[in-house]
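Below is one structure, written out as structure tokens; comments come after it.
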Amino acid sequence: MSVPFLDLNRQHGPLRREIEAALGRVLDSGQYILGSETTSLERTIAGRCGVPHAVAVASGTDAILLALVALGAGPGTEVVTTPFTFMATGGAVARTGARPVFADIDPATYNLDPDLAEAAMTPRTRALLPVDLYGLCADWARFESLAASRGVALVEDAAQSIGARLGDRAAGAFGDAAAFSFYPTKNLGGMGDGGLVTTRRADVADRIRLLRAHGDAGGYDHREVGMNSRLDAFQAAVLLVKAERLDAWNDERRRIAARYTGRLLDLFPAGAGSASRGRLPAPISPPSPAPAESLPIFHQYVVRAERRPDLIAHLRSKSIGSAVYYPTPLHLQPCFRELGYRAGSFPESERAASETLALPIYPGLTEAEQDEVCEAMSSFYRGRG
Ligand SMILES: *Cc1c(COP(=O)(O)O)cnc(C)c1O
């Protein structure tokens with residue numbers, strides 16, 4: 001049996017007629033950029049997040065960029081973020097003209113460590129940009145008090161966390177603004193690029209609405225130089241259909257994750273809670289339990305694995321997909337060489353980059369497929385591969 005790393009057809013198959021009808025409505029409407037579908041999507045996501053404003057843009061990368069610009073990041077300023085994330089996080093910072101300043105992660109959650117972020121702040125720090133990596137909320141209580149006490153902006157990279165919760169709040173409701181991505185592989189994915197900013201602040205929402213359309217306040221009255229970053233109506237229409245299933249899909253991901261963890265702890269007992277320790281007591285350790293009050297959405301299910309390259313090859317030989325998110329932390333990327341970091345600058349991010357492996361997790365993954373994945377890992381480490 002082969003187990004693909006991701007199979008979006010399992011989500012889209014049952015929705016095909018609904019999606020086709022929605023696309024047909026847009027086709028007939030003649031309005032292909034922004035329009036009423038996009039406005040509905042903005043209302044839907046704002047409502048889900050419990051915030052008054054949402055502004056749809058062309059990608060998650062643009063959502064981060066525009067949120068940062070609207071909050072004053074730019075040349076001469078710094079933005080503190082994590083190096084253990086997708087390139088877009090650090091890239092968006094650099095694109096504003098601000099300098100990305102990295103701080104290491106908490107090895108148990110893979111998220112930016114608030115103490116280390118605080119230590120990395122300088123008088124030039126304009127914003128903090130934590131990421132809810134793999135769909136687990138960052139330590140927002142700490143970051144909100146840190147941002148308030150230091151008078152800096154706080155932006156949430158929620159590209160991987162739509163539907164996640166922390167206490168009584170949803171991802172997208174933390175800080176001054178939050179950025180979502182609708183890249184097709186995300187928990188709520190379109191059929192092309194898309195993104196959205198949520199915010200409680202009317203001033204930030206207004207500024208982003210201007211910036212996403214060349215700073216045009218209406219009638220070619222350009223108040224500032226913006227960009228072209230508008231969501232297209234076909235994406236909004238697909239996303240509105242899929243948004244109705246998001247909670248059920250996220251529940252399913254949590255069930256799959258719990259089952260993986262149970263199976264892995266049966267197979268590799270010493271792995272329990274090991275992620276935060278320096279050495280791996282078992283060849284495979286499942287994710288640490290989520291912090292109290294935190295409800296993750298398992299955008300990825302990520303283990304730490306000994307002999308990772310050999311394990312990946314073994315899984316591939318059995319037609320089982322796996323993936324590494326991310327093999328190189330941002331501070332070691334060639335494009336950020338000028339920032340002056342080196343190997344050893346952020347040991348936990350570097351260790352995570354070399355040890356972690358994402359296993360198949362998506363709506364429609366069967367229990368038999370999951371068992372196949374676990375069985376293959378077991379045979380690999382027991383030398384029966
Ligand atoms: C996907 C992703 C982005 C960028 O989103 P795009 O829609 O691909 O531009 C940013 N940050 C993180 C953490 C992501 O996973």
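We use all heavy atoms of the structure for the numbers below, so side chains are in, but hydrogens, waters and symmetry mates are not. As the structure lists them, so they are numbered: ligands from 1, and atoms in each ligand from 1.
Separation of the Tyr134 and Tyr110 ring centroids falls under the 6.0 Å cut-off. Ring centroid separation for the pair Phe268 and Tyr381 comes in under the 6.0 Å cut-off. Ring pair Phe174/Phe143: centre-to-centre distance not below 6.0 Å.
In this structure a side-chain-to-backbone donor-acceptor pair under 3.5 Å is missing from Glu18 to Leu15.
Using a 30° and 60° split on the angle between ring planes, His331 and Phe346 fall in the perpendicular class, above 60°.
Remark: the Arg259 side chain and the Gln370 side chain contain an N/O donor-acceptor pair separated by less than 3.5 Å.
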Exercise answer, ligand 1 polar atom pairs (N/O) under 3.5 angstrom:
residue	atom	partner	partner atom	Å
ligand 1	5 (O)	Ser181	OG	3.2
ligand 1	7 (O)	Gly60	N	2.8
ligand 1	7 (O)	Ser181	OG	2.6
ligand 1	9 (O)	Gly60	N	3.3
ligand 1	9 (O)	Thr61	N	2.8
ligand 1	9 (O)	Thr61	OG1	2.5
ligand 1	11 (N)	Asp157	OD1	3.3
ligand 1	11 (N)	Asp157	OD2	2.8
ligand 1	15 (O)	Gln160	NE2	2.8
ligand 1	15 (O)	Lys186	NZ	3.1

